[in-house]
Structures are given as C-alpha cells and as structure tokens.
Amino acid sequence: MEKKRDYPIRTGCDRGLCAAAIGRQDRQLNTYDWLADVPGNAESTDLVEVQFKHTRKGYYHNVNNLQLKKGDIVAVEASPGHDIGVVTLTGRLVLLQIKKANLKSTEEIKRIYRLARQSDMDKFREAKAREHETMIESREIAKELGLNMKIGDVEYQGDGQKAIFYYIADERVDFRQLIKDLAAAFHVRIEMKQIGARQEAGRIGGTGPCGRELCCATWMKNFVSVSTAAARFQDISLNPQKLAGMCAKLKCCLNYEVDDYIEHGKKLPSREVVLQTMDSDYYYFKSDILAGLITYSTDKRMAVNLETITGERAMEVIEMNRRGEKPLDLQPEDQRKEPEGPVDLLAGDSITRFDKAKKKKKKNKSKKTEAKKDEKEQ
C-alpha cells in the first residue's frame, strides 16, 4: 500500500488571481495589480491611484501613511475643499500609471487626507443625487444662449462645492456667459472640460458590436488616430456603418491587428500582377492575408474558374512569367486533381454526385424482385 502524501492547503494569492489585486469590478478602467502579493509592494512608494466618476482618475501622496488597499474610499485634496474617490491601485504599478498619464510635474500630485467618514459619505451622496437634474437644466441654459455645444455629463465634487461640466463642441465656444448663468443657478464653482466623442463613449460605457464592453470604458486610456487605411490593409469593406463604433468614429480596434496584416501582406505579390498559364490569364480576386492564400479568377470583374494558391506559389508563377515560361495551371504539380465529372456552377458540386446512390437503389430493387420471383416459383 502506498502512503498518502499530505499536501498543504494553499490559500491567498499563490493560486491564480489575487482577490486583493482585483478590487471593485464596477469601476471603469479597472487595473489588476500583479504585484499585490509581493512583500513590501505597498511601502515602495507613497503614491496612490484614486478613481472618481466613470473614467476620471487622479494620483495622490499618502502623506499620513494610511494602510490603504484597493476599494478603500478616501477623502483627497481638491481646490477648493476635498473630493471623494476610490483607491484603485497602490505600490510600484502607480509609477508606471503616472508615466502613462504624462504627469511630469510633481506639483500636480496632491494629498490624501483620510479615509472617508460617514459625514463625508452623506455629503457625497447628496451631491451625486443632484447631477442628473443639473445636467438637464444646464442643457436648457446653453440652448437659450444659442451655444453650439452638448453637455454630456456633470460631476459634482465630493463636498459639493464644485461641479465639472463635460461638453462636446466641434468649434470654439465662448461660454463666459454660460459660466455666470450656471453659477447663479446652482451656487457652486463651475469648471468646464471639453472632451471628444471617444472620451464621451468611455464615460457612458456600453457594449460594442463584438459583444464585449467598450475598450475605452475598460482599459484604454490613450486614444490613437484611426484611418480608413487600416481597414484597407485588412481587406475590410469600407462600409461606414460597420467601421464606426458607438462614438460614431472609426473603431479603435481597427488598429489592433493592422501591423500583422502589413507584415504578412509584404509576403504576397501585388494585386495588379496578372498570372499567365498555358490555359489563360488569371487576375486577382481576393486574399486571406494571415493565411497567405490568394484566389485568382480568369475574369477581371466576375468569379470565373477560381483558383486558390499560396503566396509562395504565386511568386513562383510570376518568376516563371518573367523568364518567358508558362505553367500548365496555377496549382503545383503535386496538388493537381483531375475533375471527377461535370460541375454544377449553381450548386458548386459535381452533377453526377447522386448517380451512385441511384445505382445502389436500382440494384436493391432488382434483388428484391428476383427474391419474390424465386418465392413464387417455389
């Protein structure tokens, strides 16, 4: 009998994902802290990442040496007063996030006051309850002033002393009178912040055509310009409705794989090259760039006598044509197949594909009739 081995029961962060590193899943732009279970990670720096409404984040000094972890609600320094946010990252990864945010001056980094008290949370909830009504009323005020702008969101500071109005405008807007009217209507300090269509989509959130949450609402912070050239490299039809995302701009995911398509496309011949064989000339029809396959047709405009070959085989045929030689057909000699019979172009298969089954049925019927005759004779 073999002795049973006593394996230690493991708990904590050493078996897959660490619970302390995940944080709140209802926060946008959530960052997984891969160094959460490393000893001394939290003490390596006093910088802390704090997230506010939607995708707004800030970085603060933990000057009071509070024992902070992901998910803690804290009161941070603001101008004026204080703001309420949620800790989303601590330790060494905060330094990398600051580089991403391009915060070069340390003067921009403010302080964390304390963990949020019950009185702080009460003021915070009162301020948040006013945001929707404030947004609707501010839109009416902007419409009365005849300003060509859209106020997409309003965010009150945690203590209710200031409100940030996020707006979208195609042209430059003179909102000096708007600020006066808003301050008189809501009795708070007004801050106007212009955002783009992609940033608005990230703040609102939603589900993309792929069935997943929007990239701008989950992990994407820096937006790169997207052009229709990325769609051309990937052989995507230039349909504006399919290329546009929730923000009505070109989808950011068009840039994700374009580099791979460009690298694989260099291995394929030009689309304008005509391949000459003993039978006829073949023109480019379509291609699978990542698989390295090209389909040629004997007609420039229609799919006639389609032949699919690899990019290497196409380069071989082009080199033979340059030497004045023509192969029998596009397929290599070891992959040539003799046609089994006439082909039905509509069905895409051999016309005689049902003949074998019919012959079997006839044989079976003849056997049954012969058996019946034998029985009668007996």
Side-chain angles (χ1 to χ4, degrees), residues 198 208-212 215 220 223-354:
R198 287 190 171 94
C210 59
R212 303 186 65 178
C215 298
M220 182 178 287
F223 298 96
V224 182
S225 61
V226 186
S227 64
T228 55
R232 292 192 185 96
F233 281 123
Q234 301 174 67
D235 277 343
I236 301 174
S237 61
L238 301 179
N239 187 346
Q241 295 180 351
K242 292 184 178 181
L243 294 181
M246 302 295 288
C247 57
K249 302 291 184 180
L250 291 175
K251 295 177 183 176
C252 296
C253 55
L254 290 174
N255 282 345
Y256 294 171
E257 298 179 352
V258 66
D259 293 335
D260 290 336
Y261 276 89
I262 292 174
E263 290 297 323
H264 285 78
K266 292 178 181 178
K267 302 176 183 178
L268 301 180
S270 175
R271 302 182 178 184
E272 300 177 356
V273 176
V274 180
L275 304 186
Q276 298 176 348
T277 63
M278 300 293 289
D279 298 334
S280 61
D281 295 343
Y282 286 85
Y283 303 91
Y284 173 88
F285 182 70
K286 65 177 182 178
S287 64
D288 188 343
I289 299 176
L290 296 182
L293 299 176
I294 312 174
T295 302
Y296 288 92
S297 171
T298 54
D299 193 287
K300 289 184 178 180
R301 301 177 181 178
M302 299 175 62
V304 181
N305 300 326
L306 297 180
E307 290 284 349
T308 302
I309 59 175
T310 62
E312 297 175 355
R313 174 59 181 172
M315 299 298 287
E316 291 177 3
V317 175
I318 293 172
E319 188 62 29
M320 292 175 67
N321 294 155
R322 287 178 182 173
R323 297 196 303 263
E325 302 175 3
K326 294 182 180 181
L328 293 176
D329 54 18
L330 291 184
Q331 297 295 340
E333 296 181 0
D334 56 344
Q335 296 181 5
R336 290 174 186 169
K337 295 181 179 179
E338 296 182 1
E340 297 179 356
V343 177
D344 186 359
L345 296 178
L346 294 177
D349 204 346
S350 175
I351 297 175
T352 61
R353 60 189 182 277
F354 299 116

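Being a predicted model, the structure only gives us computed values, none of them experimental. The residues of the chain are indexed from 1 along the displayed sequence.
- In this structure, CG on L243 lies 6.0 Å from CG on L254, to the nearest 0.5 angstrom.
- With a 6.0 Å radius and a threshold of 12 heavy atoms from other residues, nucleotides or ligands, R322 has its CZ atom at or below the threshold.
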**Item:** Stepwise side chain to side chain contact (heavy atoms under 4.5 Å, CB included) test for T298 and Y283
**Value:** CA-CA 6 Å; T298 54; Y283 303 91; 5.9 Å; no
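- No donor-acceptor pair under 3.5 Å is formed between the side chain of S287 and the backbone N or O of I289.
- Although no hydrogens or angles enter the test, the distance criterion places a donor-acceptor pair under 3.5 Å between the side chain of Q234 and the main chain of A230.
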**Prompt:** Given the rule in the side chain to side chain contact (heavy atoms under 4.5 Å, CB included) test, do K251 and V226 qualify, once you have shown the distances and angles that lead to the verdict?
**Reply:** CA-CA 7 Å; K251 295 177 183 176; V226 186; over 6 Å; no
**Request:** Evaluate side chain to side chain contact (heavy atoms under 4.5 Å, CB included) for E263 paired with D259, printing each intermediate quantity in order.
**Result:** CA-CA 6 Å; E263 290 297 323; D259 293 335; 5.7 Å; no
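- When each of L330, I294, L293 is checked for a side-chain contact (heavy atoms from CB on, under 4.5 Å) with T308, only L293 meets the rule.
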**CA sep, side-chain torsions, deciding dist, call: L328, D279, side chain to side chain contact (heavy atoms under 4.5 Å, CB included)** = CA-CA 7 Å; L328 293 176; D279 298 334; over 6 Å; no
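- Taken from OG in S225 to CG in L250, the straight-line distance is 10.0 Å, to the nearest 0.5 Å.
- No more than 12 heavy atoms of other residues, nucleotides or ligands lie within 6.0 Å of CZ in F233, so this atom counts as exposed by the packing criterion.
- Between L238 and A231, the closest heavy-atom pair is CD2-CB, 3.8 Å.
- Side chain of N321 to backbone of E325: a donor-acceptor contact under 3.5 angstrom is found.
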